[in-house]
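Here is the structure we will look at.
In what follows, chains are A, B, ... by sequence order, proteins preceding strands, each numbered from 1. Values below: every heavy atom of this structure, side chains too, minus hydrogens, waters and symmetry copies. All figures in this text were calculated on a predicted structure; none of them were measured in a lab.
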Number of protein chains: 2
Amino acid sequence: MARTRTADKAYHHGDLRSALLEAADGLLEDRGVEAFTLRECARRAGVSHAAPAHHFKDVRSLLTAVAAGAFQRITASMRACKAAASPDPLAQLQGAGEGYIAFALREPQHFYLMFRCSVVDTEDPELAASGREAFLELERPVAALHRVDDAMADDEGSIDAVLLWSLVHGFAHLYLDGRLSQRADLDAAALAERVIQRTLAALGANLPAGR
Amino acid sequence: MARTRTADKAYHHGDLRSALLEAADGLLEDRGVEAFTLRECARRAGVSHAAPAHHFKDVRSLLTAVAAGAFQRITASMRACKAAASPDPLAQLQGAGEGYIAFALREPQHFYLMFRCSVVDTEDPELAASGREAFLELERPVAALHRVDDAMADDEGSIDAVLLWSLVHGFAHLYLDGRLSQRADLDAAALAERVIQRTLAALGANLPAGR
DNA sequence: CAGGTCATCTTGACGTTGACAAAATAATCT
DNA sequence: AGATTATTTTGTCAACGTCAAGATGACCTG
């Protein structure tokens, strides 16, 4: 109709799919998961309320795609931090952890969404794959750390991976919920750095090539 | 009307408030936060859809009360585990962590709710108080641990409190989201025990009275 | 015990949501 | 060019949360 398609152009047989994903990203970060609405999302993309149906079966399926994208970005965030760190295994691990938390602080609502299994389709292969890939960014450096030490069972390595993921995951959640603000003297990133550092130092002391 | 009030008796001027809270507890654990509905909750309590309004301003306010109750139970869960452990500070800490996780596994939906700040009124004084009390169960034994060691700054103590809370909190979330199931040989509680043990051992090695 | 008052609960309505069906529109293929 | 198909719109539905108004029962005063 009398609708000016400026930049985004060509909705009809342009790609509404990406436009919807973009709109969803914005809506999510603006209003949060709970206030997320398919209709508002369609509105933002400039289409009717039923338009999304052809590209996404469900709200669930839209949000699943959004979450998959978010997992790719958290992976990228961890990689970026690792690239900026020294190649030393401990430093790599520290980088991965900080990248994880940095993403959570940068895109809190996306971070929430990624782990809201009741809102997202965890069976979705794309989501599962991008999730696994993200975890690997954390698991790999743990394995590298332990490879130095033959005496240590693989077992312990997998425990440490769980430990570290739990640590950064919990930290991110608690901080975002405002539960960690008693340490107002440190900002989130600095506090995260110290917590990870302390953990790795303690863990590293149990390894032969400590620090 | 022709409604048989069997056990629960006296709704009118009985306490609907408690009945609603009970119904909400059940509905929450059955269907999850996202599927939680005020109307269904009223249905379970055997009243009309608008009845809750007189006792709770909002869905939000109902869920806030539910969350406050849950915080009291997680506190109780930590206390119970601590009571079963030796009085040694490290064992107390281990107990607190295990109690935290045990609650999350026992009442996963409540655990989710407690930290869903967009669904719950974090300003509510009752909720804030019960939340603070729960955190204290974890913070106190950390402080006790550090009191042994004068050389260590208070600072480090508060870092360790954040660290441990993050650890158990993250573990609970990840496990509930099914992200930790690669270790199928261990059940949740056993895995949690090992993770906490490893953390405390590593941390404890940095203390004078280690282990 | 009568009558009034108030808290409690029900009924009905409104606007909004996600999903579905059917109609309309535009792109593509032959 | 004409038909087929993919895409989008319009309209509808039940269900939701919240509000307003009315009904119901308990309590209190005289």
B:Arg39 side chain, from C-beta outward: closest of C:dG18, D:dG17, C:dT17: D:dG17
Check: A:Ala190 main-chain N/O paired with A:Asp187 side-chain donor or acceptor under 3.5 Å: yes
Neighbours of DNA chain C within residues 113-126 of chain A, by heavy-atom distance under 4.0 Å: none
Side chain of A:Ala50 - closest among D:dT9, C:dT17, C:dA19: D:dT9
Among C:dT10, C:dT17, D:dT9, the nucleotide that comes nearest once only the side chain of A:Thr37 is considered: C:dT17
Sugar-phosphate only, base, or nothing, as touched by B:Arg43 at under 4.0 Å among non-hydrogen atoms: sugar-phosphate
Residue pair B:Leu203 / B:Leu163, side-chain heavy-atom distance below 4.5 Å: yes
Comparing A:His54 and B:Val59 on DNA chain D - which has the more 5′ nearest nucleotide: A:His54
Nucleotide of D:dT9, C:dG18, D:dT7 approaching A:Ala51 most closely (side-chain heavy atoms): D:dT9
Value in whole Å for how far the P atom of D:dG17 lies from CD of B:Glu34: 14 Å
Length of the CG-P vector between A:Leu27 and C:dT17, whole Å: 11 Å
Sugar-phosphate, base or nothing in reach of A:His49, heavy atoms under 4.0 Å: base
Touch class at under 4.0 angstrom, heavy-atom based, for A:Ser48 against every strand present: base
Among D:dT18, C:dC9, D:dT7, the nucleotide that comes nearest once only the side chain of B:Asp58 is considered: D:dT18
Rounded distance in Å - CG (A:Leu20) to C1' (D:dT7): 12 Å
Atom pair distance, as rounded to whole Å: CG in B:Leu38 and C1' in C:dC9: 14 Å
Side-chain H-bond candidate by donor/acceptor type, A:Glu133 with A:Thr75, under 3.5 Å: no
Side chain to side chain donor-acceptor pair (under 3.5 Å) involving B:Ser77 - partner list, sequence neighbours excluded: B:Arg106
Distance in angstrom units between A:Arg44 CZ and C:dT17 P, rounded: 13 Å
Atom-pair distance (CG on A:Asp15; C1' on D:dA6), nearest Å: 15 Å
Length of the line joining B:Glu40:CD and D:dA15:C1', which is rounded to integer Å: 11 Å
For atom NE2 of B:His55 and atom C1' of D:dT18, their distance in whole Å: 16 Å
Donor-acceptor contact present, side-chain A:Gln94 to main-chain A:Glu193, <3.5 Å: yes
Pairwise side-chain contact, A:Tyr112 with A:Leu28, heavy-atom cut-off 4.5 Å (strictly under): no
Validation row: B:Arg116, A:Arg116 side chains within 4.5 angstrom (heavy atoms): yes
